[in-house]
Amino acid sequence: QSYEDKRCYQRYEHSSPMCLFRMDSQDQYYYAEMKDYSSGGLSFLTSQKLVVGHLVYLEMKDYDENATGPEKYKSYNGSVKWANPSSPSDEKAKAPIGMELSFQKP
């Protein structure tokens, strides 16, 4: 059975710029880009090194309360559920991260 078959929720591709805040260092933010989303989580690309269990806060750069997609919410927070095991050696390269999240209403 493929990984896609094991998912609880349908995934939707969606590219959107975001600001990433690590909950352990709120004084600094990093660029991230949403890759896809579902009712239970999202994945994003970032050059920031994150590990499973890290708590993060993501803020949408293209927030629009009238939208029907993920940009309808101003922000998301949650914990990292998976990180690409083969993270790139280039520090500026972006590695995919998966996150279980909770939605923050506008």
Side-chain angles (χ1 to χ4, degrees):
Q1 190 176 23
S2 75
Y3 187 74
E4 289 297 318
D5 293 338
K6 295 178 185 179
R7 291 192 185 275
C8 294
Y9 304 104
Q10 173 76 32
R11 278 268 166 194
Y12 302 98
E13 288 187 20
H14 185 83
S15 180
S16 186
M18 308 175 94
C19 289
L20 165 70
F21 296 86
R22 286 180 48 174
M23 299 301 261
D24 61 350
S25 61
Q26 278 284 325
D27 59 334
Q28 189 169 5
Y29 72 91
Y30 306 92
Y31 177 80
E33 184 173 331
M34 185 183 295
K35 192 173 143 189
D36 60 41
Y37 70 97
S38 73
S39 294
L42 59 83
S43 69
F44 58 94
L45 299 172
T46 183
S47 59
Q48 178 63 20
K49 293 183 185 197
L50 297 172
V51 297
V52 172
H54 266 157
L55 298 176
V56 297
Y57 171 83
L58 295 165
E59 192 170 282
M60 298 296 292
K61 287 189 174 185
D62 58 356
Y63 162 68
D64 178 0
E65 66 184 27
N66 298 314
T68 58
E71 62 276 357
K72 178 178 181 71
Y73 296 94
K74 186 175 184 177
S75 60
Y76 300 89
N77 62 51
S79 61
V80 173
K81 290 301 176 191
W82 57 266
N84 187 347
S86 57
S87 294
S89 56
D90 179 1
E91 208 164 289
K92 294 189 180 195
K94 296 180 180 121
I97 306 291
M99 187 173 113
E100 181 175 83
L101 55 90
S102 59
F103 295 90
Q104 298 297 305
K105 303 265 180 177

Answer yes or no: is there a side-chain heavy-atom contact under 4.5 Å between Cys19 and Tyr30? no
Checking Thr46 side chain against Tyr31 main chain: does a donor-acceptor pair fall under 3.5 Å? yes
Pairing residues for Tyr12 by the side-chain hydrogen bond (donor to acceptor under 3.5 Å, both in side chains) criterion, not counting sequence neighbours: none
Is the shortest side-chain heavy-atom distance between Leu45 and Ile97 below 4.5 Å? no
Any side-chain heavy atom of Lys72 sitting closer than 4.5 Å to one from Asp64? no
Calculate, to the nearest 0.5 Å, the distance between atoms OH and OH belonging to Tyr76 and Tyr57 respectively. 11.5 Å
Of all heavy-atom pairs between Gln48 and Leu20, which one has the smallest distance, and what is that distance? CB-CD2, 3.9 Å
Results of side-chain hydrogen bond (donor to acceptor under 3.5 Å, both in side chains) for Thr68 - residues two or more places apart only: none
Do the side chains of Glu33 and Ser15 get nearer than 4.5 Å, heavy atoms only? yes
Do Leu58 and Asn77 have side chains that approach each other closer than 4.5 Å (heavy atoms only, starting at C-beta)? no
Do the side chains of Tyr29 and Leu55 join up, straight or via other hydrophobic residues, at under 4.5 Å, putting them in one cluster? yes
Indicate yes or no: at least one non-hydrogen side-chain atom of Met34 is less than 4.5 angstrom from one of Pro70. yes
Using side-chain contact (heavy atoms from CB on, under 4.5 Å), reason through Lys81 and Val52 one step at a time and then give a plain yes or no. CA-CA 5 Å; Lys81 290 301 176 191; Val52 172; 5.9 Å; no
dist Arg11:CZ -> Asp36:CG (nearest 0.5 Å) comes out at 4.5 Å
So do Ser79 and His54 actually touch side chain to side chain, heavy atoms under 4.5 Å? no
Full working for side-chain contact (heavy atoms from CB on, under 4.5 Å) between Leu50 and Val56: CA-CA 9 Å; Leu50 297 172; Val56 297; 4.1 Å; yes
Report yes if some heavy atom in the side chain of Ser43 is under 4.5 Å from a heavy atom in the side chain of Tyr37; otherwise report no. no
Can you list everything that forms a side chain to side chain contact (heavy atoms under 4.5 Å, CB included) with Asp62? Sequence neighbours excluded, please. Ser16, Pro17, Met60, Glu71
